[in-house]
There are 2 protein chains.
Amino acid sequence: MIRVMIADDHQLFAEGLSQALDILPDTRVVGVVDSGPALETALETQPAEVSIVDIEMPGGDGIDTISGLGRRTNAIVVSMYASDEQKERAFRAGAKGFFSKGVPLVTLAAAIRAVADGRDLISLDDTARDELLEEYGQARLDPGAASLTEREKEILQLLAVGVSATDELADRLYISQKTVKNHLASIFQKLAVSDRTQAAIEAIRLGIARPN
Amino acid sequence: MIRVMIADDHQLFAEGLSQALDILPDTRVVGVVDSGPALETALETQPAEVSIVDIEMPGGDGIDTISGLGRRTNAIVVSMYASDEQKERAFRAGAKGFFSKGVPLVTLAAAIRAVADGRDLISLDDTARDELLEEYGQARLDPGAASLTEREKEILQLLAVGVSATDELADRLYISQKTVKNHLASIFQKLAVSDRTQAAIEAIRLGIARPN
DNA sequence: TCGGTGATGGGCCTCAAGGCCCAAATGGTC
DNA sequence: GACCATTTGGGCCTTGAGGCCCATCACCGA
């Protein structure tokens, strides 16, 4: 689980991004602050592997803050109006990544995984950077969840939308109730849970299935 | 369920906000577009009670788009750098709300509920607007969920974090297993579900309990 | 003071859920 | 051809989950 701190004075952006990252199975937002100094303070009591820092913030430029953070966290700078000059400054301040707010969420998520893994994105050219991001595109699931088979994931998806009874699951999948129970037993073992309620929650948490 | 369309060219913002609104029990994001013309097109095939429109978008000002939408949707304008002049223009274009991106998410959520309910926020002064938003601060839950008692919510919260066995629930709450089962039976009826798996999913969906 | 509601519990009954072990067919890989 | 993972299915057994009806006590508002 990668702990992420967000520093941005636009609450709508910060809270939205926070929710979005919390939904990912391998990232957890541990704090949201609205200024550079607040970021420094927050990191003292709450460590975070990665910090998302906005450039445009009141009470001091976000980039100035990064220089003082040292190796306490890996900073990724995001900017509304990204320019080469800003990127250069972010690089000199020690940021590990630099993105416009126009990039898709999956790109930022991949970048978070990459810098949390010790990689440096900011010194790469665009093609090398995109290749690296491709490499980190998928959330690394728990060992158990990673070994789920297609059929097992299918059952988990149904579970997570409320198809919980054995006979309903069997009907939906055109297999016997016994086979459903066998798959479930295998799922329980892989996810280290003991019943379908816990399995459904795990499926939602891991992002294998979406509720609603 | 209030259907919401988001028009913003900054993907990180739009996707983050989208996830955040989807988590709320009474709002559903049905589309995300990145320009004014795309918003018009999207609304033709996918109706939405409320549209969140950014002012600053490429290929035409977001406010110009709103005038052409008429009563197809209720527009709420959000701006990075909110000014009185922008607010005035949004008002004349027929927007029902105007906010800076610096407002908290709960404020925007309340505004969405208010305008979906036919209210007009933009013509109110600040105090009257805040009072109205206060009124719409809480998500209106389904009739069943609204009648849940404190104890029932407590049980749902435990369920949603994986405490699914009757004996564990009884231990945590210092009551007998029989009482747990009685409460659960009551919960099933109120939420119109048939087992604890579905109840846990509903609890998460309704925002009564948080997973993770 | 009286009713309504919520929280606590009991009894009883039925069937589904989960545990355990096993087997056959399939499809890919070494 | 042999091996392995996946999917499908069986049998058997124990216990827990859920359905239904009822009782007591505390609290609160009319």
Side-chain angles (χ1 to χ4, degrees), chain A residues 138 140-206 208-209, chain B residues 138 141-206 208-209 211:
Chain A
Q138 286 301 311
R140 265 182 302 286
L141 299 175
D142 301 350
S147 66
L148 288 168
T149 68
E150 283 308 307
R151 201 52 153 174
E152 287 161 358
K153 289 181 190 170
E154 214 172 334
I155 289 178
L156 281 172
Q157 282 159 13
L158 287 172
L159 258 193
V161 296
V163 184
S164 54
T166 305
D167 55 354
E168 276 189 57
L169 287 165
D171 285 353
R172 296 281 196 107
L173 298 170
Y174 303 106
I175 55 179
S176 83
Q177 297 192 20
K178 193 63 203 40
T179 305
V180 170
K181 294 179 79 172
N182 285 339
H183 284 310
L184 280 169
S186 168
I187 289 171
F188 295 162
Q189 205 176 6
K190 288 181 181 177
L191 296 185
V193 300
S194 54
D195 58 42
R196 44 191 89 190
T197 301
Q198 294 176 355
I201 295 167
E202 267 299 287
I204 294 172
R205 197 185 67 81
L206 290 170
I208 293 167
Chain B
Q138 285 303 311
L141 298 176
D142 303 350
S147 66
L148 288 167
T149 68
E150 283 308 308
R151 200 53 154 172
E152 287 161 359
K153 288 180 190 172
E154 212 173 337
I155 289 179
L156 280 172
Q157 282 159 12
L158 287 172
L159 258 194
V161 296
V163 184
S164 53
T166 304
D167 56 354
E168 277 191 56
L169 287 165
D171 285 352
R172 295 282 196 107
L173 298 169
Y174 302 105
I175 55 179
S176 82
Q177 297 192 20
K178 192 65 200 51
T179 304
V180 170
K181 293 178 79 172
N182 285 341
H183 283 310
L184 280 169
S186 168
I187 289 170
F188 295 162
Q189 205 176 6
K190 289 181 181 177
L191 296 184
V193 300
S194 53
D195 59 42
R196 43 191 92 189
T197 300
Q198 293 175 357
I201 295 166
E202 268 298 289
I204 293 171
R205 195 184 71 79
L206 292 170
I208 293 166

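Quick note: numbers below take in every heavy atom, side chains included, and nothing from hydrogens, waters or symmetry partners. Naming convention: chains lettered A, B, ... in sequence-line order (proteins, then strands); numbering from 1 in each chain.
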**Fill in**
Across all chains, not counting sequence neighbours, the side-chain hydrogen bond (donor to acceptor under 3.5 Å, both in side chains) partners of A:Asp171 are none
**Asked** In chain order, what residues pass the side-chain hydrogen bond (donor to acceptor under 3.5 Å, both in side chains) check against A:Asn182, with sequence neighbours excluded?
**Response** A:Lys178
**Asked** How would you list, by chain and number, every residue that makes a side-chain hydrogen bond (donor to acceptor under 3.5 Å, both in side chains) with B:Ser164, sequence neighbours excluded?
**Response** A:Asp195, A:Gln198
**Message:** I need the CD-C1' distance between B:Gln189 and C:dG6, as an integer number of Å.
**Reply:** 15 Å
**Message:** From CD of A:Glu152 over to P of D:dT8, roughly how many Å is that when rounded to an integer?
**Reply:** 10 Å
**Summary of protein contacts for nucleotides 24-30 of chain D, nucleotide by nucleotide, where a base hit scores B, a sugar-phosphate-only hit scores S (4.0 Å, heavy atoms)** = -------
**Message:** From NE2 of A:His183 over to C1' of D:dG10, roughly how many Å is that when rounded to an integer?
**Reply:** 14 Å
**Prompt:** Can you find a heavy atom in the side chain of A:Thr179 that is under 4.5 Å from one in the side chain of A:Arg151?
**Reply:** no
**Request:** With sequence neighbours excluded, tell me which residues meet side-chain hydrogen bond (donor to acceptor under 3.5 Å, both in side chains) with B:Lys181.
**Result:** none
**Asked** Who passes side chain to side chain contact (heavy atoms under 4.5 Å, CB included) against B:Ala170, sequence neighbours left out?
**Response** B:Gln177, B:Val180
**Fill in**
A:Glu150 atom CD is separated from C:dT26 atom C1', nearest whole Å, by 17 Å
**Complete:** Correct closest heavy-atom pair for A:Ile204 and A:Ala160 would be CG1-CB, 3.9 Å
**Item:** Sequence-distant partners of B:Glu168, side chain to side chain contact (heavy atoms under 4.5 Å, CB included), two or more places apart
**Value:** B:Val163, B:Ala165
**Prompt:** What is the distance from atom NE2 of A:His183 to atom CG of A:Leu173, rounded to the nearest 0.5 Å?
**Reply:** 8.0 Å
**Item:** Nearest-angstrom distance from the residue atom NZ of A:Lys153 to C1' of D:dT6
**Value:** 14 Å
Between the protein and nucleotides 12-21 of chain D, list every N/O to N/O distance that falls short of 3.5 Å.
residue	atom	partner	partner atom	Å
D:dA17	OP1	B:Thr166	N	3.2
D:dA17	OP1	B:Thr166	OG1	3.4
D:dA17	OP2	B:Thr166	OG1	2.6
D:dA17	N7	B:Lys181	NZ	3.2
D:dG18	OP1	B:Arg196	N	3.1
D:dG18	OP2	B:Arg196	NE	2.5
D:dG18	OP2	B:Arg196	NH2	2.8
D:dG18	N7	B:Lys181	NZ	2.9
D:dG18	O6	B:Lys181	NZ	3.1

**Asked** What is the distance, rounded to the nearest whole Å, between atom CD of A:Glu168 and atom P of C:dA16?
**Response** 13 Å
**Complete:** Angle separating the five-pair end axes of the helix from C:dT1-D:dA30 to C:dC30-D:dG1, nearest 10°, is 50°
**Message:** Taking any heavy-atom pair under 4.0 Å as a contact, classify A:Ser176: base, sugar-phosphate, or nothing.
**Reply:** sugar-phosphate
**Item:** Considering all heavy atoms, the nearest A:Glu152-A:Ile187 contact
**Value:** O-CD1, 3.6 Å
**Prompt:** A:Ala199 and A:Leu191: which non-hydrogen atoms are nearest, and at how many Å?
**Reply:** O-CD1, 4.3 Å
**Fill in**
From CG of B:Leu173 across to P of C:dG9 the rounded distance in Å is 10 Å
**Fill in**
Atom CD1 of A:Ile155 and atom P of C:dG18 are separated, to the nearest Å, by 12 Å
**Fill in**
Regarding the side chain of B:Ile175, the nearest nucleotide among C:dA7, D:dT8, C:dG9 is C:dG9
**Request:** Looking at every strand, decide which applies to A:Thr149 at a 4.0 Å heavy-atom threshold: base, sugar-phosphate, or nothing.
**Result:** sugar-phosphate
